[in-house]
Amino acid sequence: MRKRILALLLCMASVIAMAGCSSGGENRGDGSGEGSQGTEAAGETLKILSGSENQELEEIINACSEETGVEIEMDYKGSVDIMRELESGAWDYDAVWPASSIWISMGDTEHIVKHAQSVSMTPVVFGIRQSLAEELGFTGRDVYVSDLLSAIEEGKMRFCMTSATQSNSGASAYIGFLYALLGRQEGMTSEDLQQETLQTQVRELLSGVERSSGSSDWLKDLFLEGDYDAMVNYECLVIDANEQLEEEGKEPLQVIYPSDGLTIADSPLGYLDHGESGKEDAFLAVQEYLLSDEAQSAVEATGRRIRANGVSDENKDVFNSDWGIDTERILSPIQMPDADVLREALDLYQTAFKKPSLNVYCLDFSGSMYGEGEQQLKEAMQQILLQEFAARNLLQASEGEVNVVIPFNEEVMQIFYAADDSDAALEELYNEITGYEAGGGTNIYVAAREALEIACSYDLDQYTPAIILMTDGRSLEGMREFEQAYENAGEDVPVFSITFGDADPNQLEDLAGLTGGRVFDGTDNLTEAFRSVKGYN
């Protein structure tokens with residue numbers, strides 16, 4: 001695929017050099033002529049707040065920068081983070097490029113987004129192992145959300161999905177589920193969300209989530225490295241996954257479009273109007289380039305759609321029909337609800353509908369954390385455990401959630417359990433943390449082994465578990481013992497680590513690689529790192 005993209009980019013460069021960048025297809029671009037804007041914009045820097053899925057377009061973005069003379073800096077964040085940035089004015093950014101317009105509509109309360117246009121579109125689909133899709137009878141016919149629910153209720157399928165409150169693909173799929181189970185395509189109300197039958201069915205459907213994630217791109221990588229039945233993700237990322245699976249001689253995924261709950265990511269690119277005319281010229285030059293015929297063809301070559309019906313002849317081989325991809329299907333998505341109903345639906349997902357989280361926090365209270373590091377750690381846990389703060393980031397405790405805290409240095413210092421998922425119990429847990437002072441050495445593995453033992457004492461079919469390890473140090477020994485304990489446990493319990501200070505990222509990457517976890521950098525903002533980790537379960 002990347003060879004095809006490179007060939008297209010070389011072709012684009014040749015055409016542009018001879019004739020200048022043409023405007024986009026019908027209803028794309030403003031027709032003002034990219035060449036003059038490119039000249040005026042050259043030398044400007046454009047910082048774009050973007051969804052992680054646009055990492056797949058980096059070659060096209062680099063070509064855009066070279067042609068327009070605009071230096072483009074991409075900062076990839078989750079959908080809720082993008083919404084929060086917009087709510088606060090997004091002063092550090094010149095443009096916004098989320099996966100879906102819903103995050104602009106929810107976050108742009110000051111109406112600073114201008115010139116927003118869709119760069120591409122991609123439906124949110126189920127990618128199911130082909131042999132399983134055939135066994136379930138999902139090939140060669142329309143598949144409805146009720147069919148997927150039946151497969152989950154009968155124990156025939158589980159799936160991976162991003163968090164609906166942290167990532168657009170998860171949010172889109174979840175809203176699609178709600179509409180389908182309500183039997184409609186638009187007009188969802190607050191009263192609808194209170195229907196007992198709907199709530200029961202949604203809980204049952206989400207009980208099939210085997211692994212969660214805060215990032216669509218990372219979910220794809222997790223799926224490729226693991227042994228899972230299915231994932232909910234963008235069509236373009238399922239295409240990318242299938243290309244990698246077939247290169248490795250593995251079974252590809254069958255693309256399933258939920259007929260009564262199809263949602264589409266429309267990838268809007270919009271300017272953030274902070275009153276800088278030079279930045280606006282640079283934005284318009286970049287946008288016009290990305291909407292040009294040549295750039296759109298390169299975008300389509302990555303598996304994204306550039307129109308609601310059909311794909312171009314030169315890119316038809318990308319949308320492999322053997323994988324169940326239907327390019328003749330007219331993409332007719334559901335209508336997203338109003339912002340207040342959407343927010344209520346996301347709150348219900350987080351607190352009442354999704355499978356409960358099982359969080360075991362291993363917190364480094366070694367001597368090197370004394371002072372500022374200790375204070376930052378306590379402030380970060382405040383944002384997670386105190387529900388008035390957690391609600392701001394849609395990270396409230398879920399119904400039935402389990403929270404355990406293990407403060408450690410060279411040994412486990414103590415183990416604290418929240419009595420239940422109530423606000424009072426979580427506040428009491430937080431108060432226990434604030435009473436600790438840093439001192440002693442560091443051994444991350446002794447805490448991680450204790451956390452693993454605690455997690456495996458629960459019925460993990462009923463929870464989405466995670467060990468969340470935060471450290472500023474490194475350990476001389478213990479990885480081999482943890483690896484043996486993990487293999488003996490035989491459970492899928494990821495370790496998500498947060499680095500701080502002089503923590504050794506290699507040791508933490510080894511833990512992530514073994515357990516299907518991820519390492520987050522908390523050096524600049526420990527609180528933001530904790531929020532990011534919490535979005536993964």
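Count residues from 1 along the sequence.
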Could you pull out the closest heavy-atom pair between [X] and [Y], with the gap in Å?
X      : Y      : result
Ala345 : Ile175 : CB-CD1, 4.1 Å
Cys64  : Ile72  : SG-CD1, 4.0 Å
Val255 : Ile325 : CG2-CG1, 3.7 Å
Val202 : Leu181 : CG2-CD1, 3.7 Å
Gln130 : Asp322 : NE2-O, 2.9 Å
Asn315 : Ser297 : ND2-O, 3.1 Å

May I ask you to decide if [Y]'s main-chain N or O and [X]'s side chain share a donor-acceptor pair within less than 3.5 Å?
X      : Y      : value
Lys355 : Val209 : yes
Gln201 : Glu196 : no
Gln350 : Gln396 : yes
Arg305 : Pro123 : no
Asn233 : Ser216 : yes
Arg211 : Pro494 : no
Glu85  : Leu49  : no
Lys354 : Arg203 : no
Gln244 : Leu224 : no
Glu300 : Val311 : no

Point-to-point distance, once rounded to the nearest 0.5 Å, from [atom1] of [X] to [atom2] of [Y]:
X      : Y      : atom1 : atom2 : value
Leu193 : Leu182 : CG    : CG    : 7.5 Å
Ser213 : Asp221 : OG    : CG    : 9.5 Å
Asn393 : Glu528 : CG    : CD    : 9.5 Å
Arg518 : Ser215 : CZ    : OG    : 5.5 Å
Lys534 : Ile468 : NZ    : CD1   : 6.5 Å
Gln254 : Ile256 : CD    : CD1   : 5.0 Å

Check: Could you give all pairs that pass the ring-ring contact (aromatic ring centres under 6.0 Å, His included) test and reach residues 200-234, with sequence neighbours left out?
Finding: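 Those involving residues 200-234 are Trp218-Tyr536.
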
Check: Is there any ring-ring contact (aromatic ring centres under 6.0 Å, His included) pair reaching into residues 146-184, and which pairs are they, with sequence neighbours excluded?
Finding: Phe126-Phe159, Tyr174-Tyr349

Is the shortest heavy-atom distance from the side chain of [X] to the side chain of [Y] under 4.5 Å?
X      : Y      : answer
Leu394 : Asp347 : yes
Ile60  : Leu290 : yes
Leu86  : Leu272 : yes
Phe138 : Leu132 : no
Arg343 : Asp340 : no
Asp313 : Lys316 : yes

So, [X] versus [Y]: side-chain donor-acceptor pair below 3.5 Å or not?
X      : Y      : answer
Ser398 : Glu401 : yes
Asn242 : Glu246 : no
Glu235 : Tyr257 : yes
Thr165 : Ser163 : yes

Quick check: are there more than 12 heavy atoms from other residues, nucleotides or ligands sitting under 6.0 Å from [atom1] of [X]?
X      : atom1 : value
Asp227 : CG    : no
Glu248 : CD    : yes
Glu110 : CD    : no

Margin query: Between the side chains of Glu56 and Lys220, is the shortest nitrogen-to-carboxylate-oxygen separation below 4.0 Å, so that they form an ion pair?
Written below: yes

Notebook entry, point to check: What pairs with His274 under ring-ring contact (aromatic ring centres under 6.0 Å, His included), at least two apart in sequence or on another chain?
Noted result: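 His274: ring-ring contact (aromatic ring centres under 6.0 Å, His included) contacts with Trp91.
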
Notebook entry, point to check: Listed by chain and number, what are the ring-ring contact (aromatic ring centres under 6.0 Å, His included) partners of Phe353, not counting sequence neighbours?
Noted result: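 If we apply the ring-ring contact (aromatic ring centres under 6.0 Å, His included) test to Phe353, skipping adjacent residues, there are no hits.
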
Side chains of residues 95-103: which donor-acceptor partners sit under 3.5 Å, not counting sequence neighbours?
unit_1	atom_1	unit_2	atom_2	d
Trp97	NE1	Ser267	OG	2.8
Ser100	OG	Ile102	N	3.3
Ser101	OG	Asp266	OD1	3.4
Ser101	OG	Asp266	OD2	2.4
Trp103	NE1	Asn168	OD1	2.8

[X]: partners by side-chain hydrogen bond (donor to acceptor under 3.5 Å, both in side chains), with sequence neighbours left out:
X      : result
Asp75  : Tyr93
Gln194 : Glu344
Gln383 : none
Asp229 : Arg129

Margin query: Apply side chain to side chain donor-acceptor pair (under 3.5 Å) to residues Asn62 and Glu66 and explain how you reach the verdict.
Written below: CA-CA 6 Å; Asn62 290 339; Glu66 183 175 345; over 6 Å; no

Margin query: Restricting to salt bridge (charged side-chain N to carboxylate O under 4.0 Å, His left out), what partner residues turn up for Asp108, sequence neighbours left out?
Written below: none

Item checked: Test salt bridge (charged side-chain N to carboxylate O under 4.0 Å, His left out) applied to Lys114 - qualifying residues, sequence neighbours left out -> Asp273, Glu280

Margin query: For Met74 and Ile61: C-alpha separation, side-chain torsions, deciding distance, then whether side-chain contact (heavy atoms from CB on, under 4.5 Å) applies.
Written below: CA-CA 9 Å; Met74 303 289 287; Ile61 293 166; 3.7 Å; yes

Notebook entry, point to check: Got a sec, which pairs hit side chain to side chain donor-acceptor pair (under 3.5 Å) with one end in residues 139-152, sequence neighbours left out?
Noted result: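 Every pair satisfying side chain to side chain donor-acceptor pair (under 3.5 Å) with a residue in residues 139-152: Arg141-Asp147.
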
Item checked: Leu395 vs Gln166, side-chain contact (heavy atoms from CB on, under 4.5 Å): CA-CA, chis, key distance, verdict -> CA-CA 9 Å; Leu395 291 175; Gln166 302 302 311; 3.2 Å; yes

